[in-house]
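Have a look at the structure below before the remarks.
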Amino acid sequence: MISVSTRFTSGADIDKFAKKLNSKGRKAAKTVRVCIGTGCAAKGSRRLYELFCEAAEQSDQDVRIEAKCVGCHGFCERGPIVVVEPGEILYQRVEEPDVAEIFRETVVGGRIVERLLYEDPVTGKKAKKADEIDFYKVQERIVLGNNGLIDPTTITDYIAEGGYTAFAKVLSSMTPEEVISQVEVAGLRGRGGGGFPTARKWRSCREAKGSPKYVICNGDEGDPGAFMDRSIMEGNPHSVIEGMLIGAYAIGSEQGYIYVRNEYPLAVEHLKMAISQAREFGLLGKNILGSSFSFDIRINRGGGAFVCGESTALMASLEGRTGEPRAKYIHTVESGLREKPTNLNNVETWANVPAIINRGGEWFAGIGTEKSKGTKVFSLVGKIVNTGLVEVPMGITLRQIIEEIGGGIRDGRSFKAVQTGGPSGGCIPAEHLDARVDFDELTKLGSMMGSGGMIVMDEDTCMVKVAKYFTEFLQKESCGKCTPCREGLAQMLYILDRITDGEGQVGDVERLEELAELLEGTALCALGKTAANPIISTIRYFRDEYDAHIKEKRCPAKECRGLFRYEIDSEACKACGICMKNCPVDAITGDKKVPHVINQEKCTLCGTCWEKCPFAAVLKV
Amino acid sequence: MAQDNTIIEQIVDRYDAEVGMLIPMMQDLQAECGYLPVDHLHLLAKRLELPLSRLYAVATFYSTFRLAPKGAHEVTLCMGTVCYLKGANVISEAISREFRVEPGGTTRDRLFSFQAVNCVGACALAPVMVVDGQYYDGVTPDSALEILHNLQPDEESTEATAKEAKRD
């Protein structure tokens, strides 16, 4: 917590303050870092933090011991995560009763508690530190580097790690054009999905006529299965603010907005704290660091509308209207929020900026592929062993991410597809797993980079149902302004419903393709234009599954109700009677010691027996 | 009525009567009352010199707004891709069947309001259900029903959630 009142009046003040924070007397000799990201917090990590605080207070050690809450480490699968310094000892799946032992053994005694270490499932080798774990080995953490290291609720932690020095450097020794050039050399492209060159956007906005100019941070992370931005806003809010400060200086803006999803209460809380502390320290407000540059930021909470992730809809929402997009023949950099020049970037894009300034555009451009530079954060989720947040250099293959970092598919099943790009993206099958993560390469495969959701699907996933899920999602979220999106999606969903209900007709796939083409060519905004991608990509790679549903009335993944049957394996059946008791239509017969049988005439395919059987004797055939 | 006016005045002042801040104002109003009462919307429209239709458009466009009182508890079921792959739709159906409540609605006895949201961004916990801010991971139809059957009808919790939301 901040104990001294500090207000910086020059860039040198920041350096001095950071030195003081890092001096021997001030720094705790031993630190326990507890992850309070949403994943770990849901598993009770806040209580762990309190217990460590109590233990540290009651400790009779000569040296100062500190317990700290930090942002997401990414390894959500193994939460709650606790890291003990010195030694960077990483404990996983920590529970309340473990606190005393960790404190006594590791913090005080410097010994390892073996049973709480991560154990490699294949080799059985225990890892003491994060970088000994496969999940972290292949990662390159620029944006997430400080997540898990700093306490997001206090600005001093960020400053101690070199925070706000990039902004001070910009303010004291760079012209706005030099700043934009650095970002251009870096080759930074928008992380929100489109991949538009950031420097070009900044320059257009800088050169646009009209004032005031606005900068916006798009934190309306709407793609289901994606939580990159949430973790950055929660775990390192100052990196976003510093990025925005640098951008505002380059563009010539005095007012910024951060638009955050309403479903992210912790992100809102941490951003609010960060903004008020930055104001207190003189890093936001009038005449920052004694210069003529003034800038402030306001937070707006979204209203739970997916379409507001689209830039013009987001701006309409910021103006207090319904979030309906408009056509973009006039660019928002010329006429955006309140018809003024407006520059909007995604959370992750902003968070990359301080590192580019500090380490130089060339350093950043040295990472990645020819046209996709730097790193990208993905939320690796679905039927995968290691669910979590990963940051990888561009150019890494999908296979490396899924197999090396993600540890492969859960429960010994086999891989079927990976979905990237959210509802606007597509499904990539096994034969393209060696494709590189790169804006253009993923687009070529019929998917897209998107904001970073990476959903892994196994053989038990029905691809028609996946297409239906996204279509249903988009149909609900379509704002209704333009006819192709409003009506087209409804019709496509109707056809998909028919197919998954076993009533598909020959020609349905062609009808879907025709509607998809229409939508792509005529919808007003990106939501509509890309809405058919999930359907088109599944038809492209999994046409056989569509055909099986339509022609054979069969769901190969055995997910679509009515397109497969339940049967009892007489050898696995222990005749316990549980299925019989639970069957709502008395379709199961049998007796003690007599394997049970399902009467297919009576069965309504509700799946209760399959769920309840303790011996996995009920099969889907 | 006088009290209603005070609430509106306070909220409007908080944002310097800026029409562009209509959504935050309505979020505050909802945090205060638990929903958007029609009388209050009338007052707010009048105060901002906006047609009521504009407020109604906003209230019905964004899924966060409610025009009817909410239940004592707030139940949010994540319908994100991962939760869906792991059976969230089955859980949603089970809740709807058991408590006769559709997503977006409130149970008849006002025990809880049930929302199905796009994604709470906690995919490692899928399927996820959030009850009054408490996250439950790896939920099944049975465990979800059990959690909901254990909810107590209680006035205080309604106030507590309203206060919580207000802090934002």
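Computed from heavy atoms alone, side chains included, the values below leave out hydrogens, waters and symmetry copies. Naming convention: chains lettered A, B, ... in sequence-line order (proteins, then strands); numbering from 1 in each chain.
Only the side chain of Asp137(B) comes within contact range of chain A, judged by heavy atoms closer than 4.5 Å. For chain A, no part of Val130(B) is nearby; none of its heavy atoms comes within less than 4.5 Å. Contact of Gln419(A) with chain B is not made at all, since no heavy-atom distance falls under 4.5 Å. Residue contact with chain B, scored on non-hydrogen atoms closer than 4.5 Å, is absent for Cys462(A). If you measure heavy-atom distances from Ser317(A) to chain B, the contacts under 4.5 Å come from both the backbone and the side chain. Looking at Met26(B), there are no atoms closer than 4.5 Å to chain A (heavy atoms on both sides), in backbone or side chain. With a threshold of 4.5 angstrom between heavy atoms, Glu611(A) approaches chain B through side-chain atoms but not through N, CA, C or O. If you measure heavy-atom distances from Ala126(B) to chain A, you find no contacts under 4.5 Å at all. At a 4.5 Å heavy-atom cutoff, Met228(A) makes no contact with chain B through either its backbone or its side chain. Both the backbone and the side chain of Leu85(B) come within contact range of chain A, each with at least one heavy atom under 4.5 Å from a heavy atom of that chain. Proximity to chain B (any heavy atom under 4.5 Å) is restricted, for Arg410(A), to the side chain, taken from C-beta onward. Looking at Leu318(A), the atoms closer than 4.5 Å to chain B (heavy atoms on both sides) all sit in the backbone: N, CA, C or O. Contact annotation for Lys43(A): only side-chain heavy atoms (C-beta onward) come within less than 4.5 Å of a heavy atom of chain B. Within the 4.5 angstrom heavy-atom criterion, atoms from both the backbone and the side chain of Thr322(A) approach chain B.
Under a 3.5 Å cut-off, the side chain of Glu319(A) and the backbone N or O of Val19(B) do not form any donor-acceptor pair. Tyr62(B) places a side-chain N or O within donor-acceptor distance of the main-chain N or O of Gly323(A), the cut-off being under 3.5 Å. With hydrogens and angles ignored, the 3.5 Å screen pairs no side-chain donor or acceptor of Glu263(A) with any backbone N or O of Val117(B). Counting only distance, with no hydrogens or angles, the side chain of Thr38(A) and the backbone of Ala122(B) share no donor-acceptor pair below 3.5 Å.
Under the side-chain contact (heavy atoms from CB on, under 4.5 Å) criterion, Lys468(A) pairs with Glu472(A), Leu493(A), Leu496(A), Asp497(A), Thr500(A), sequence neighbours left out.
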Run the side-chain donor-acceptor check on residues 98-112 of chain B: report pairs under 3.5 Å with partners two or more places apart or on a different chain.
unit_1	atom_1	unit_2	atom_2	d
Glu98(B)	OE2	His149(B)	NE2	2.8
Thr106(B)	OG1	Ser113(B)	OG	3.0
Thr107(B)	OG1	Asp109(B)	OD1	2.7
Thr107(B)	OG1	Leu111(B)	N	2.9
Thr107(B)	OG1	Phe112(B)	N	3.2
Thr107(B)	OG1	Phe112(B)	O	3.4
Asp109(B)	OD1	Leu111(B)	N	3.0

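In this structure the side chain of Pro24(B) reaches within 4.5 angstrom of the side chain of Asn300(A), judged on heavy atoms. Using a 4.5 Å cut-off on side-chain heavy atoms (C-beta onward), Leu22(B) and Arg321(A) make no contact.
The most heavy-atom pairs under 4.5 Å with chain A, out of Thr81(B), Thr64(B), Val120(B), come from Thr81(B). Looking only at heavy-atom pairs under 4.5 Å with chain B, the residue among Gly382(A), Gly388(A), Gly303(A) that has the most is Gly303(A).
Taking CD from Glu477(A) and OG from Ser63(B), the interatomic distance works out to 6.5 Å, rounded to the nearest 0.5 Å.
Minimum interatomic distance between Gly320(A) and Val58(B) (heavy atoms only, all atoms of both residues): O-CG2, 3.8 Å. The shortest non-hydrogen separation linking Phe61(B) to Ala305(A) is CE2-CB, 3.9 Å. Listed here is the closest heavy atom pair of Tyr84(B) and Lys465(A): OH-CE, 3.3 Å. The minimum heavy-atom distance linking Pro224(A) with Cys119(B) is given by the pair CA-CB, 3.6 Å. In plain terms, the two heavy atoms of Thr387(A) and Ala124(B) that are nearest each other are CG2-CA, 3.4 Å. Considering all non-hydrogen atoms of both residues, Gly121(B) and Tyr264(A) come closest at CA-OH, 4.4 Å.
Within a 6.0 Å sphere centred on OH of Tyr56(B), heavy atoms belonging to other residues, nucleotides or ligands number 12 at most. Summarising the local packing, CD of Glu146(B) is surrounded by 12 or fewer heavy atoms from other residues, nucleotides or ligands at distances under 6.0 Å. Residue Glu49(B) places its CD atom among 12 or fewer non-hydrogen atoms of other residues, nucleotides or ligands, all under 6.0 Å distant.
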side-chain contact (heavy atoms from CB on, under 4.5 Å) between Met21(B) and Arg298(A), intermediate numbers included = CA-CA 11 Å; Met21(B) 297 306 276; Arg298(A) 200 158 73 183; 2.9 Å; yes

